[in-house]
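Worksheet for the structure shown next.
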Amino acid sequence: MVASPVDLNVILRTLTQKRIPFVLTGAHGIASWTGKPRNTQDVDILVKGGRNLTRAVKAVRALYPHLEVRNFAGVTAFFVPGEKASVIDVTYPHRADQVETLANVTWTENKDERIRYRIPALEEALANKYGAMLTPTREVDKRMVDAVDFTRMVQHSGDEGRQPIDLQRLEILGEKVWPGGGGKEILRLVEEVKAGKAISLDSLGLQG
């Protein structure tokens, strides 16, 4: 795999030194929950909207002035000129479950780099992936990856010595993704994964 043009640790250290509150999301942020880190070239950062968003975007711009900046709904994305896939996404909450992701975090540490930073709590990580799977405008290949991530997090939570899923908390978060049906559906997905079944994207959002 081609090396990423951005350095995760440099980004984390810069945001930390500038005292910009953030949560590392995406593949990097959930790697400890899946137990199977996957290759990725992009870095996903979640911050509050407003001043924190402005400061985070400014800090990343200063680190990588050669990258193109494009603004989309809920996200400021950084691209290598001429490329279609972003290498850094600075996002602010556009769903209620993402607000919870900022409020309920797990601290982790890269001991080699001596960097402490926040990642989503397990239940928030699952809810975020559920929300991504439910997003009809999201590319289908990305939604399939979301399903794999969700599956791996559920599976790894059942391994010896691992933190079990707080199902009551997860149901509440599922409702924040899809009010009136998300709570029951996300619990159904967990049970299906535990039973060895694959997630069907076409069935999501259809059951109350």
Side-chain angles (χ1 to χ4, degrees), residues 4 6-60 62-63 74-76 78 87-132 146 148-174 176-177 186 190:
S4 174
V6 299
D7 189 313
L8 170 64
N9 291 322
V10 170
I11 295 171
L12 297 180
R13 183 176 289 107
T14 297
L15 295 176
T16 299
Q17 290 176 342
K18 291 182 178 294
R19 300 182 182 276
I20 301 172
F22 70 93
V23 178
L24 178 65
T25 57
H28 292 296
I30 66 170
S32 63
W33 296 129
T34 64
K36 297 179 180 179
R38 57 178 169 85
N39 289 328
T40 182
Q41 287 189 304
D42 67 315
V43 175
D44 298 287
I45 299 294
L46 180 67
V47 297
K48 288 184 179 180
R51 184 169 180 266
N52 282 347
L53 174 65
T54 300
R55 292 181 65 214
V57 169
K58 182 179 179 181
V60 174
L63 280 177
V75 59
T76 298
F78 293 77
V87 291
I88 306 172
D89 288 338
V90 181
T91 305
Y92 63 89
H94 54 277
R95 292 195 314 261
D97 62 292
Q98 293 173 327
V99 174
E100 295 296 319
T101 301
L102 283 173
N104 299 282
V105 300
T106 295
W107 281 95
T108 189
E109 182 179 7
N110 182 328
K111 294 184 178 180
D112 292 334
E113 297 289 336
R114 296 181 179 179
I115 307 172
R116 289 185 76 245
Y117 56 94
R118 302 183 301 170
I119 61 173
L122 174 57
E123 293 75 22
E124 275 72 11
L126 286 165
N128 294 165
K129 284 297 176 181
Y130 172 56
D146 296 328
V148 171
D149 287 339
F150 186 100
T151 298
R152 288 178 172 175
M153 284 191 283
V154 172
Q155 292 172 335
H156 193 43
S157 72
D159 291 343
E160 184 176 357
R162 295 298 302 176
Q163 174 184 326
I165 300 171
D166 182 337
L167 295 177
Q168 183 176 7
R169 173 67 180 162
L170 187 62
E171 184 175 9
I172 292 171
L173 292 169
K176 290 183 178 296
V177 175
I186 199 169
V190 169

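Residues: numbered from 1 along the sequence shown.
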**Prompt:** Can you name the closest pair of heavy atoms from Ile186 and Gly174 and give their distance?
**Reply:** CG2-CA, 4.1 Å

**Request:** Only one of Val6, Asp42, Val57 passes side-chain contact (heavy atoms from CB on, under 4.5 Å) with Phe78; say which it is.
**Result:** Val57

**Reported CG-to-CD distance for the pair Leu8 and Gln41, which is rounded to 0.5 angstrom** = 13.5 Å

**Fill in**
Residues pairing under salt bridge (Lys or Arg N to Asp or Glu O under 4.0 Å) where one sits in residues 105-121, two or more places apart or in two chains, turn out to be Arg13-Glu113

**Request:** Can you see which heavy atom on Thr34 is nearest to which on Pro37, and at what distance?
**Result:** OG1-N, 4.0 Å

**Message:** Minimum heavy-atom separation for Leu173 and Ala127, please, with both atom names.
**Reply:** CB-CB, 3.7 Å

**Request:** Kindly compute the distance separating CE (Met153) from CD (Glu123), expressed to the nearest 0.5 Å.
**Result:** 10.5 Å

**Request:** Starting at CG of Leu53, measure out to CD1 of Ile45 and round the result to the nearest 0.5 Å.
**Result:** 12.0 Å

**Message:** Are the side chains of Tyr130 and Leu126 in contact, using a 4.5 Å heavy-atom criterion?
**Reply:** no

**Prompt:** If we only count heavy atoms from C-beta on, is the Ile119 to Trp33 side-chain gap below 4.5 Å?
**Reply:** yes

**Prompt:** If you round to the nearest 0.5 Å, how far is CD1 of Ile11 from CD1 of Ile88?
**Reply:** 3.5 Å

**Message:** Please report the interatomic distance CG(Leu167) to CD1(Ile172), rounded to the nearest 0.5 Å.
**Reply:** 11.5 Å

**Asked** Which residue pairs pass the salt bridge (Lys or Arg N to Asp or Glu O under 4.0 Å) test with at least one member in residues 154-170, sequence neighbours excluded?
**Response** Glu100-Arg169, Glu124-Arg169

**Request:** Answer whether the closest heavy-atom distance between the side chains of Ser32 and Thr108 falls below 4.5 Å.
**Result:** no

**Request:** Quick one: closest heavy-atom pair of Tyr92 and Gln98, and the distance?
**Result:** O-OE1, 4.3 Å

Let me check something: any side-chain donor-acceptor pairs from residues 15-30 under 3.5 Å, sequence neighbours excluded? List them with distances.
unit_1, atom_1, unit_2, atom_2, d
Thr16, OG1, Leu12, O, 2.8
Thr25, OG1, Asp44, O, 3.4

**Asked** Should Arg38 and Asp149 be marked as a side chain to side chain contact (heavy atoms under 4.5 Å, CB included) after you check the CA-CA gap, both sets of side-chain angles, and the distance that decides it?
**Response** CA-CA 9 Å; Arg38 57 178 169 85; Asp149 287 339; 2.7 Å; yes

**Item:** Reported CD-to-CZ distance for the pair Gln155 and Arg152, which is rounded to 0.5 angstrom
**Value:** 8.5 Å

